Structures are given as structure tokens and as C-alpha cells.
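Nothing here was measured: the structure is a model prediction, and the numbers come from that model. Proteins get letters first, then strands, A, B, ... in listed order; numbering begins at 1 in each.
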Amino acid sequence: MNVIVCVKQIPDPALPGALDPATNTLKRDGKLILDESDSYGVEMALQLVDAAGGGEVSLVSMAPNGEVSGMRTALAMGAARGVLVSDPALQGSDALTTAKVLAAAVRRLGGADLVIAATESSDGYTGTVPEQMAELLGLPSVTFAKKVAVEGTSVKVQRQTEEGYDEVTCTLPALLSVTAGVVEPRYPSFKGIMAAKSKPIDEVKAADLGISPVGWAGAGQQIASVTQAEARAAGEIIEDDGEGFTKIVAYLENLKVI
Amino acid sequence: MSDYTPPLADIKFAMEAIADLGAIVASDRYSGADEATVEGILAEAGRFIAEVIAPANRDGDTIGSKWQPGGKVTVPPSFEGAYAKWVESGFGAMSFDPDFGGGGLPWIASIAVQEMLTSANMGFSLCPLLTQGAIEAIHVHGSDEQKATYLPKMLTGEWTGTMNLTEPQAGSDVGAVISKAEPADDVAPGAWRISGQKIYITWGEHDMASNIVHLVLARTPGSAPGTKGISMFLVPKFFVNADGSLGDRNSVQCLSTEHKMGIHGSPTCVMLYEDAIGWLVGGENEGMRNMFTMMNNARLSVGLQGLALAERAYQQALQYSVDRQQGRAIGAPAGASSPIIEHPDVRRMLMTQRAWIDALRALIYTNAAAIDLGAAARTAGDRDGARTWQELTELLIPLSKSLSTDVGCEMTSLALQVHGGMGFVEETGAAQHVRDIRISPIYEGTNGIQAADLVGRKLAMRGGAVITDLLDEFDGRGAALARVEGCAAYAEQLSHATALCRTATAHLGEVAATDPRTLLSASSPYLRLLGTTVCAGLLAKGVLAAAGKDDDYHRARIASARFFGEQILPTVSGLLPSILASGAPLYGLSASQLASR
């Protein structure tokens, strides 16, 4: 069983991020790391391949520079190889362009039994790329997977909903978006890290995939302006005169949480 | 979320700009990794350690490892899971021999992982640390069969190791060991029966690993008194069958664990050997020689603990100083409450911690690099180079061990001070670091013994020239340092400090032969003087590397080093008079006069 995982390399969320004042987009010129949301997909893929008793996990990723640190993390976890679409021209790409590029990268790898993505990235949060990719690739799309099992030529998914979950079965090949927490991602081991050094990353340009226009030129959106988020208001302090709990109860009732 | 953040950029800077990792990985011996690979490994190791090992630190302190009736020792539940993941990670094997499952990386890379592991959880880190010492001893002195039987599982950490030296009457004086070993050829050819009681055995018993490999010092029949008659034995907790599976339990048990001031997560065991079956490691009467093999690495790792806990405590103090608002800082508007980080004395405390952390990291990573460059030179057949690096290693070891652990005690205390009254409250967590680090100036050769080693063996190397060579190197850096913007005063202080070191070194060289009491009475202040100066000289190397790189990070490196040069280095001036003074006043009061008041 072969699985392809879409992985995004993002600026470390632990560090203070900054916007490029010229484009109003997140600065991505520093070191990029594997988006934590994607580590769940990588782990899921590794477990599915393991359970199937054979096959490979491959990665597809897109970045405006040649950064591979985040992909190396996924390779160190156990993925076998990757395609990185690295091209300064990609800067400013919207979700649909991203989906076109990643779908083309999936085709370049010859497709797979299953394509896995996170529900959304931790820096852009558009949350639409997986479904757009499924459409472009002509694959069934199952979203918000919280449990995944492959049975023969179909995949059985527990799909997270607000109230609980739906049970969805669909035929392979398919594209799934998985939630954080679907599995516990492993940490790359020392041996995994050393082995990842020699795993191939096929670095290509958007033009190599025949995708044009990309970046700002291909984007159906523009960022008109960016405003500072409102500072969080100070909390309300209740002096406990022995009856403080009644005020807490009233406050929670007002929020309709009790 | 973890409350420990691996200082990856600072570790990288210490390795690359000061300790010369580039030269290490350029050597044939360490050609398996380049700087980028090491950086990538440390990033992943750091994340793992911060997320998996650090969160168990409080449990180590509050729950602790506990002796149970029957001799079992239980560890905090969070330790068990963390240790299993540590084994899976394989980071413990990075720098060991690939023939036994190691990664063959330079030692400095393991030192970086050790730094993070120790910062994250010192009590926990001692288990891999002791295992590492046992691995080295077996690797260098063990038989092929011992290596094949024990090393692979010890490298992964599936089995752990211990060092059994101390006995009630044999502490710093290892030669006073009385544990016995008698031939047990009736059991198996080459087997010995070991009997005796050992104390202070770190991780001597626990339930995190399936087997424990004890290395025990004992005397064979008719052996010479003192250190010359001591042999080392390998005594497994469980015997290992021919197929590698575990067999019967050996006759070794944990009688109790100590109730300690700190490192509660690490069980400190009293071990009883009653006709336990063991095998010689190396030859008979070669136990002390075996110990010396691993002593440098062990002392460096203990020195590292001072740096590591200073770092951990600093991170917490810094956060508190930003969050805590109290009083109005100079220049703040009337009626405002300022974060305490804005008050000058709090700033002094924070800068002192930061600058010392940078300084100790420079010292310890340079020490580790000297070990690697020495090994690389030996591999390349470069005997002169090997000797030079070995000399530097030998000189730096007592400095790394003593200065770093002494300063570690001071800096964890300063970090607690930043918290004000909250620091004295256990739940804050600042006190744990003060308690945990306090053992480090004591074990692995007390700091007094390190100072004696410095003025005894190390000062005598090439008649003191190993020291003056290093001072020459620092003086050679002075002119360039003075040209870096804002560093003229630092350069002046460095030049002054090296002059003090030269005076002190020459003086001690003279009294060494004639007045050993004066020599030893000056040993601790001399170690502080030389160690602090070496730190300043190494930081200057970092300044020169950072100068001209016009970014905030490198400017911060220079600012921290400059603080060290202007605010910390000058404190050594007061040490010279006590070094030059006679040792007689130390004995100005007799023992009874000391008591009668």
C-alpha cells in the first residue's frame, strides 16, 4: 500500500512571526519546520503502510524557498521520499494554486492508494486545499478523519462531527484529511534522522509540473489590508465575600455553558 | 507545553564559533556527520527532550524514586514512559562505536544532547549518564565476549549501567575499598564471587530497564593495599544466557536508598553483594586504571550539570521577571507598575546568569571538542596533535567540573532570588534546581579534589607551559577584541586577568616542590581565577566570530560576552593575593582552638 502525505513547512510557531509589510503575507524566509498538524498524517500513513505489510509513504510539499528541514523531520519519522515544489514564483499562491501544485506533485509520484492531508495548516488556516486537490485528482474526499482503517480496496473512516462522528466508507484510491489527535506522532529517532539524510527529495519548479500562472499572478485573491488583532480585554476580578461562587455560577449561566 | 526551551541557537554558536565543530567534522574520524546534520539532530533531540523528558522533572522531585520492602525501587510513573521513549529515540548511542550499534558521532554532539537532557530532568539524566560510563569502561577494557554480550543493549539503554566505587570507609580515598573478590571457577571459568557493601550507587536498582550491569571495584586475594590492588568486575543483576535472554537473578540487592537534598528522581542506593558472580573487566589489579579511562568524560558530564541547571533555572527566572510587576522602574510614568526585569538589580542578576551560562557553555564545549580533536588526531596518526589536544583536555577537565558546578550552585540560587518570596516556595519550582545542583560540586571528585588535581598534576604538565600556551592564545586575541565596538574595556580586563594568571601560575610552580601545603591552600582560588579567565578568553573567540555579523542574534552574543568581561571577569583580581599568600594561616587555629569559643 502506498500513501502520499501532503506536508507543509511553516515558520516555527514558538518564535514570534512577522508579516511582510509589502505583501501582507507571513514572512517565510527563515528556518521552516514541519507543521505539527501534518505530523499526524505522516504517522497515520506510516501505521497504515505497516498494517498493510508493505508499501511506502511519500511526501509532497510546496515552499517558496528550498527549505527541507520540515520534510527531513517527516523522512526521519519513516517516510521514504518526497517531492518539493520549490520556486520563488510560488510566493503569494492562494489555496487553489496550492492545490493544483500539490495535485501535480502527487501525479509526478505516480499517484497512490491514499493521499492524506491535515484538515488545515497551522499558519494559513484556509482549510480548503485537501478538498480542492481531491477534485483535481478525481478522488473521493473524506474530511476530518479521526480514525482510519483500510479494509481491502476501501477505507473506513470515523469522521469527526460536532456531536460525535460519522462512519464513512469509500473506495480506494481516496484523499483524506485527518484531524490532530488521530494518532500520536512518533518522534524521529537518531537512526531515523541519519537515515533521512540519504532519502531522496525531488526538487522541482512549478513550471516543471506545467502549472502556470502561480503565485500572485495566479491568485484569485488579494490581501487588501491587515489590522492588528484587538488586545485581549482584562479579566473580571470577583472579590470572594463568601458568596463569590454565586457570581461564578451566574457568569457561567450567562455564557450558557451550564 | 514544556517549561524548558532548548537553547539551540546558543548551543550551535558555542559548537561552531567557539569549539570549532567544523574542524571536528572535517576530520576523517568524524566524516559521518557535517555541521548541518548535527544541527538537525539537536533540533529533533531538543524537541523530544523538551516534550517528553522535561515534563517529568517535577514528578522526579515530588514523587521521587522509592525503595520498597524486598529491595525493589520504584520510579515516578512518568519516568517509566519517558525512559521507554528515550530508549526508542536512540540518542544515547550517538557517539558510541558503530560496531555495537552506536552512531560514531563526535563526543561534542552527545554533550549537547546531554546538556538538554540534564536541563530537562537532572535526576532522570543520571541513569543514561551512568550507563554511558559503564559502556566506556567495557568498550575500552572489556573482553570481546563482554562487549558482544552487554554493549548492544546498553547502547540502546534497554539495559542500564552503574559504577560501584564508594564504600562507607572509602569515599574520596578509593584505595580504602575492602569489597572482596574470590575465584569461582567452580561456577564458570573466569568467574569470581564478589562480596561487600557499596554506597551512593546512582540508579543502582530500578524498574525502568530489564537488566542492570554493575561495574564493581573489589580486591582479589593477596592484592596490594591501596589503589594498586583494586580490580573491576562486571556483575549483572540478571545473568545473560547464551542466546541473549535473561536468566537467574544474581546475588546483588538494594538494601535502601538515601533521603537526599535533591535529585530525588535518581535513586541513590546502598548495594549489597553477597557472593555475587562477576567477571573481571580488564586485568586483575587494573581497576583504577580502568576508572581513569572514563574519568575525563565523567567529570566533563558532571561539570555540564552546572551549566544545564543554570540554564533551566535562568529560563524560569527570566519568565518570572517579565510577568511579575512590582514597583516603578526608573523612567516609568508615575503610578505605573513595572515588570521587575526593568529594575537594575534584577537586570544584574539576569545578565549575570546569562553571561555565566554563555561562558560555561564555551568552556565545556571547548573541552568536549578537545577530546574529539585528540581522538581525530590519534586516528590520523598525528602524534603531536594528539598530545596537544590531550594536554588541553586534561587542563580543562578540572575547570569544567569545578567552575561549572560551583557557578551552577550560584546561578540557580540567583535564579531563585529573582522570584523573591515565591522562589522560597517549593511549588514555584525554582528551589528544585538549587537543591538538585548541590550534589554536583561533591560527586565525581569533590571540587576540592579537582583543585588539587589542577595545581598538582595539571600545573606540572610541561612545567606549566600548557597553561601559559592557552594564556598566550588569549593575549593574541586581545588586540582584535579591543577593536570590536564596545569591547575595549573587556580586552583590557582580559589582558589584566591573563597577567594575574601568569603571576599565580609562576608562583605556584615555585612553591609546588617546597611547600605543598601552601600549594594546596591556594588551589581553589587559583582554579576560580584560571577558570574565569579561560571563560573570558573563549568568549572573546565568540565575539570575534560574531563581530561584523550585523544581526540581533550576534549583537546579543557580543553584549553578553562584554558583560562577562566588564562585570564578572574583574572579580578575579581579588583572588591573587590569597593565592600568593602563605598557606600557614589556614592552620592558624588548631583543631581544638577551632572548637573552643
Subject >> salt bridge (charged side-chain N to carboxylate O under 4.0 Å, His left out) between Glu184(A) and Lys85(B), intermediate numbers included >> reply: CA-CA 13 Å; Glu184(A) 189 191 345; Lys85(B) 287 190 173 166; 3.0 Å; yes
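Atom NZ of Lys191(A) sits about 8.5 Å away from atom OG1 of Thr156(B), to the nearest 0.5 Å. Between the NZ atom of Lys197(A) and the CG atom of Asp34(B) there is a distance of 5.5 Å, given to the nearest 0.5 Å. One distance of note links OG of Ser189(A) with CZ of Phe48(B); it measures 10.0 Å at 0.5 Å rounding. Within the model, atoms CE of Met194(A) and CD1 of Ile41(B) stand 5.0 Å from one another, a figure rounded to the nearest 0.5 Å.
Within 6.0 Å of the NZ atom in Lys205(A), the count of heavy atoms belonging to other residues, nucleotides or ligands exceeds 12. Around atom CG of Asp28(B), no more than 12 heavy atoms belonging to other residues, nucleotides or ligands sit under 6.0 Å away. The number of heavy-atom neighbours closer than 6.0 Å to CD of Glu36(A), taken from other residues, nucleotides and ligands shown, is 12 or below. Within 6.0 Å of OH on Tyr553(B) lie more than 12 heavy atoms contributed by other residues, nucleotides or ligands.
Residue Thr73(A) touches chain B through both its backbone and its side chain, counting heavy-atom pairs closer than 4.5 Å.
Shown are Arg47(B), Glu44(B), Glu88(B); of these, the side-chain contact (heavy atoms from CB on, under 4.5 Å) with Tyr187(A) is made only by Arg47(B).
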